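As structure tokens, the structure follows; a few thoughts come after it.
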Amino acid sequence: VQLQASGGGLVQAGGSLRLSCAASGRTSGNYVMGWFRQAPGKEREFVTAITWSGSSTRYTDSVKGRFTISRDNAKNTVYLQMNSLKPEDTAVYYCAAYMSGSWTLLSDSTNYHRYDYWGQGTLVTVSS
């Protein structure tokens, strides 16, 4: 599976961006898709994840109510709608995927070691 993230850019605080992650290759299967981010000098952190069906999602506390993850399996694409952006959201955003044996999101969906496939990252910069 190959992942291609796009949609990053420069935005003012309070603004919005929508990131996309297009998957190609062997995309059939129960893949959990996630977004992680890494700010300069910091470790990569979990942002959000979604099951193949889209029925289950998980968010880190700092983005709840502002970010929304969704997916369109017909287009093999996952989206991250980011609203009310803050300067502390500035980071490189990575999409990632793993094949899951469960139809629900397990706790390990927040662990980047669980993910087998990674996109190249897209930079989001939020100015104050």
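Model, not experiment: these values are computed from the prediction. Just so you know, residue 1 is the first one in the sequence shown, and it goes up from there.
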Closest heavy-atom pair and its distance - Tyr115, Ala49:
OH-CB, 3.6 Å
Phe46, Val63: one ILVMFWY side-chain cluster at the under-4.5 Å cut-off?
no
Tell me whether the rings of Trp118 and Phe36 are parallel (<30°), tilted (30 to 60°) or perpendicular (>60°).
tilted
Is there a side-chain contact between Ser20 and Thr77, using heavy atoms and a 4.5 Å cut-off?
yes
Is a side-chain donor or acceptor of Thr90 paired with a backbone partner of Val126 at a separation under 3.5 angstrom?
yes
Which one of Tyr79, Tyr59, Tyr93 satisfies the side-chain contact (heavy atoms from CB on, under 4.5 Å) criterion with Trp35?
Tyr93
Go through it in stages, so that I can follow the logic: the residues are Leu80 and Thr68, the test is side-chain contact (heavy atoms from CB on, under 4.5 Å), and I'd like the CA-CA distance, side-chain angles, deciding distance and then a yes or no.
CA-CA 6 Å; Leu80 179 61; Thr68 303; over 6 Å; no
Interatomic spacing from SG in Cys21 to OH in Tyr117 - rounded to 0.5 Å:
13.5 Å
So, Thr110 side chain and Asp108 main chain: donor-acceptor pair closer than 3.5 Å or not?
no
Between Arg71 (side chain) and Val32 (backbone), is there a donor-acceptor pair under 3.5 Å?
no
To the nearest 0.5 Å, what is the distance between OG1 on Thr48 and CD1 on Ile69?
4.0 Å
Is it the case that one hydrophobic cluster holds both Met33 and Tyr98, taking links as side-chain heavy atoms less than 4.5 Å apart, direct or via other members?
no
CD1/Ile50 to OG/Ser70 distance, rounded to the nearest 0.5 angstrom?
6.0 Å
Are any side-chain N or O atoms of Thr27 and backbone N or O atoms of Ser24, one a donor and one an acceptor, separated by less than 3.5 Å?
no
Cation-pi check for Tyr94 against Arg37: NZ or CZ below 6.0 Å from the six-membered ring centre and within 45 degrees of the axis, yes or no?
no
Lys86 vs Asp89, test: salt bridge (charged side-chain N to carboxylate O under 4.0 Å, His left out). Steps then yes/no.
CA-CA 5 Å; Lys86 303 175 181 180; Asp89 295 318; over 6 Å; no
Atom OG of Ser62 and atom CD of Glu45: how far apart are they, to the nearest 0.5 Å?
5.5 Å
Less than 3.5 Å apart, any donor N or O on the side chain of Ser16 or Asn83 sitting next to an acceptor on the other?
yes
Hey, is the main chain of Ser100 close enough, under 3.5 Å, to the side chain of Asn30 for a donor-acceptor pair?
yes
Given the rule in the side-chain contact (heavy atoms from CB on, under 4.5 Å) test, do Val124 and Leu19 qualify, once you have shown the distances and angles that lead to the verdict?
CA-CA 9 Å; Val124 172; Leu19 305 184; 4.0 Å; yes
Atom of His113, atom of Asn111 and distance for their closest heavy-atom approach:
N-OD1, 2.9 Å
Any side-chain donor paired with an acceptor under 3.5 Å for Arg58 and Ser109?
yes
Is there a continuous path of hydrophobic side-chain contacts, each under 4.5 Å between heavy atoms, that joins Met99 to Val78?
yes
Examine Val11 and Val92 and state if one hydrophobic cluster contains both, with Ile, Leu, Val, Met, Phe, Trp and Tyr joined whenever side-chain heavy atoms are less than 4.5 Å apart.
no
OG-CD distance between Ser127 and Gln12, expressed to the nearest 0.5 angstrom
5.0 Å
Strictly distance-based, threshold 3.5 Å: is any side-chain N or O of Arg18 a donor or acceptor partner for the main-chain N or O of Gln81?
no
What are the two closest non-hydrogen atoms of Leu3 and Ala23, and how far apart are they?
CD2-CB, 3.7 Å
Just do the side chain to side chain donor-acceptor pair (under 3.5 Å) check on Ser102 and Thr104 with the steps written out, would you?
CA-CA 5 Å; Ser102 171; Thr104 61; 3.1 Å; yes
Tell me if a side-chain donor or acceptor on Gln120 pairs with a main-chain N or O of Ala5 at a distance below 3.5 Å.
yes
